[in-house]
Asks: 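First the structure, which I've put down as structure tokens, then a few questions once you've had a look.
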Amino acid sequence: MSAGTKAAELRELDNDGLVGKLREAKEELFNLRFQAATGQLDNHGRLKLVRKDIARIYTLMRERELGIETVESA
């Protein structure tokens, strides 16, 4: 995942694409946690970004489940 995925970029994906992004983000979070535990992690801020990306993906999935449409300001 890129550094800080934007919600607008995620909204363009279909449900399968969101699930794929979620899987990638969870794998990255696992790897970052492993690096932190072994003392090899250089950028601790990356943990926070990946967790926020995961939360953002879950939020979009829930919005779609409930049928909530959000208005994007341009």
Side-chain angles (χ1 to χ4, degrees):
M1 299 214 34
S2 66
T5 307
K6 301 288 183 184
E9 296 172 9
L10 293 173
R11 288 186 200 285
E12 296 172 358
L13 299 174
D14 60 346
N15 289 338
D16 292 334
L18 279 178
V19 171
K21 285 281 192 182
L22 180 63
R23 186 175 297 118
E24 290 174 15
K26 284 189 170 190
E27 287 177 12
E28 183 178 359
L29 183 61
F30 173 80
N31 290 331
L32 289 172
R33 284 181 175 160
F34 195 87
Q35 288 176 6
T38 58
Q40 298 175 351
L41 185 62
D42 295 329
N43 185 2
H44 292 279
R46 185 73 182 137
L47 280 167
K48 183 177 180 180
L49 286 176
V50 173
R51 281 198 312 264
K52 285 190 174 214
D53 283 345
I54 290 171
R56 190 173 290 121
I57 292 169
Y58 275 132
T59 300
L60 288 173
M61 291 172 71
R62 182 65 177 158
E63 284 178 355
R64 289 181 182 180
E65 181 181 321
L66 295 175
I68 298 172
E69 297 276 335
T70 57
V71 177
E72 288 288 324
S73 58

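Bear in mind the structure is a predicted one, so any value in this text is a computation, not a measurement.
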Asks: For a quick test of reading the model, state the closest non-hydrogen atom pair linking Ala25 to Ile54 and the distance between them.
Replies: CB-CG1, 3.6 Å

Asks: Please report the interatomic distance CG(Leu18) to CZ(Arg11), rounded to the nearest 0.5 Å.
Replies: 10.0 Å

Asks: To the closest 0.5 Å, what do you measure between CZ (Arg51) and CG (Leu32)?
Replies: 10.0 Å

Asks: Might you work through the salt bridge (charged side-chain N to carboxylate O under 4.0 Å, His left out) test for Glu9 and Arg56, ending with a clear yes or no?
Replies: CA-CA 11 Å; Glu9 296 172 9; Arg56 190 173 290 121; over 6 Å; no

Asks: Between atom CD of Gln40 and atom CG of Asn31, what is the distance when rounded to the nearest 0.5 Å?
Replies: 11.0 Å

Asks: In sequence, state the C-alpha distance, the side-chain angles, and the governing distance for Met61 and Val19, and then conclude on side chain to side chain contact (heavy atoms under 4.5 Å, CB included).
Replies: CA-CA 9 Å; Met61 291 172 71; Val19 171; 4.2 Å; yes

Asks: Check for me, please, whether Phe34 and Leu41 land in the same ILVMFWY cluster - side-chain distances under 4.5 Å, paths through other members count.
Replies: no

Asks: More than 12 heavy atoms of other residues, nucleotides or ligands under 6.0 Å from CZ of Arg23: is that the case?
Replies: no

Asks: First locate atom OH of Tyr58, then atom CD of Glu63, and finally report the distance between them rounded to the nearest 0.5 Å.
Replies: 15.5 Å

Asks: Quick one: which of Glu27, Lys26, Arg33 gives a side-chain contact (heavy atoms from CB on, under 4.5 Å) with Leu29?
Replies: Arg33

Asks: Nearest 0.5 Å, please: how far is CD in Glu28 from NZ in Lys21?
Replies: 10.5 Å

Asks: Indicate, with yes or no, if Leu13 and Ile57 share a hydrophobic cluster defined by side-chain heavy-atom contacts under 4.5 Å among Ile, Leu, Val, Met, Phe, Trp and Tyr.
Replies: yes

